[in-house]
Amino acid sequence: MPIADFLRALVEHGRVRVARFVPGGGEEQDGPAVDAVLDDWDAANRLEFPGAAPALDRAAARWAAEQLYRASQFAVFRDVDANTIQSKLGAACPSASPAASVHYSVDLAFRFLPDLLRHAAGVSRADPLCDQLRAWGGQWPLSSVGMPDVQVASIDVICGHAGLLRLYIDRIVVRSDVSRLADPRVRAALQAALGHYPDLAPGLAAALAGAKSL
């Protein structure tokens with residue numbers, strides 16, 4: 001299945017197929033079709049984004065889409081060795097600057113990371129693929145809310161953009177991810193979001209109360 005078809009299936013019905021990984025395969029070559037899907041996702045996201053969304057970084061979005069597809073191949077076909085996984089998934093995002101547009105654009109595809117990790121960990125939590133997914137989760141915290149055993153490197157970019165921070169808090173609430181409350185900026189934003197209605201997220205509200213009592 002070409003990457004573009006894979007991406008469309010993700011949002012249309014969630015039932016996807018991937019081709020067996022072949023070293024030197026050309027799935028990445030359908031770049032224009034992938035860009036078209038990512039443009040559609042970007043347009044749809046902007047309709048619901050809290051405030052003004054960052055600019056789309058096409059290179060970052062395409063990198064994340066291709067990496068997600070490759071990781072999905074490895075999650076289905078488990079005979080790929082650890083060295084190959086590291087070689088194919090270890091490349092850094094080509095947009096190196098920690099800008100809001102990069103985090104936003106990577107999230108178009110990487111928002112599916114928690115689902116992919118659940119699938120991969122169902123076979124083996126110690127699998128090298130799971131380690132890579134968790135590493136991505138640490139690098140791209142907006143996308144990894146709800147993923148267990150993730151060491152978040154920094155949320156400075158997220159906290160520096162009002163819309164990304166609001167989206168981050170919304171996901172924390174939806175997924176009841178108490179682990180993300182270690183940062184005082186997140187606690188303050190969550191407290192403001194809950195306001196006088198802590199019953200909307202009782203587990204998070206209790207965690208906030210516990211943090212205040214320390």
**Q** Taking NZ, NE, NH1 and NH2 as the nitrogens, is one of them in D183 or R185 under 4.0 Å from a carboxylate oxygen of the other?
**A** yes
**Q** Identify each donor-acceptor pair in which a side-chain atom of residues 163-170 lies under 3.5 Å from a protein atom, sequence neighbours left out, and give them as a table.
**A**
| from | atom 1 | to | atom 2 | distance (Å) |
| --- | --- | --- | --- | --- |
| R166 | NE | D170 | OD1 | 3.4 |
| Y168 | OH | R180 | NH1 | 3.0 |

**Q** In the single-linkage hydrophobic clustering (I, L, V, M, F, W, Y; side-chain heavy atoms under 4.5 Å), do F77 and L133 co-cluster?
**A** yes
**Q** May I ask you to test the P114-L117 pair for a side-chain heavy-atom distance under 4.5 Å?
**A** no
**Q** Just to verify, what does N83 make a side chain to side chain donor-acceptor pair (under 3.5 Å) with, not counting sequence neighbours?
**A** none
**Q** With the side chain counted from C-beta on, respond yes when V186 and I172 share a heavy-atom pair under 4.5 Å apart, and no when they do not.
**A**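 Yes, at least one pair of side-chain atoms sits under 4.5 Å.
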**Q** Under 4.0 Å between a Lys/Arg side-chain N and an Asp/Glu carboxylate O for R58 and D39?
**A**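 Result for this pair is yes, salt bridge flagged.
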**Q** Please identify each residue that fulfils side chain to side chain donor-acceptor pair (under 3.5 Å) with S87, with sequence neighbours left out.
**A**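 By the side chain to side chain donor-acceptor pair (under 3.5 Å) rule, S87 matches no residue at all.
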**Q** Not counting sequence neighbours, which residues clear side chain to side chain contact (heavy atoms under 4.5 Å, CB included) with V11? List them please.
**A** W41, R111, F112
**Q** Indicate yes or no: does D127 engage R78 in a salt bridge with an N to O separation below 4.0 Å.
**A**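 Yes.
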**Q** Report yes if the side chains of L142 and R171 come closer than 4.5 Å at any heavy-atom pair, otherwise no.
**A** yes
**Q** Quiz question: by atom type and distance under 3.5 Å, do the side chains of R70 and Q73 form a donor-acceptor pair?
**A**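 R70 vs Q73: donor-acceptor pair found between side chains.
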**Q** With heavy-atom distances below 4.5 Å as the criterion, would you say the side chains of L89 and W136 are in contact?
**A**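 They are in contact (side-chain heavy atoms under 4.5 Å apart), so the answer is yes.
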**Q** Testing the basics here: between V37 and A4, what is the closest heavy-atom pair and its distance to 0.1 Å?
**A** CG2-O, 3.9 Å
**Q** Which residues pass the side chain to side chain donor-acceptor pair (under 3.5 Å) test with D81, not counting sequence neighbours?
**A**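 Per chain and number, D81 pairs via side chain to side chain donor-acceptor pair (under 3.5 Å) with T84.
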**Q** Can you list the residues that meet the side chain to side chain donor-acceptor pair (under 3.5 Å) rule with S143, with sequence neighbours excluded?
**A**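 S143 satisfies side chain to side chain donor-acceptor pair (under 3.5 Å) with D107 only.
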**Q** Y104 and ring-ring contact (aromatic ring centres under 6.0 Å, His included): which single residue from F110, F49, W140 fits?
**A**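 Among F110, F49, W140, the one that satisfies the ring-ring contact (aromatic ring centres under 6.0 Å, His included) with Y104 is F49.
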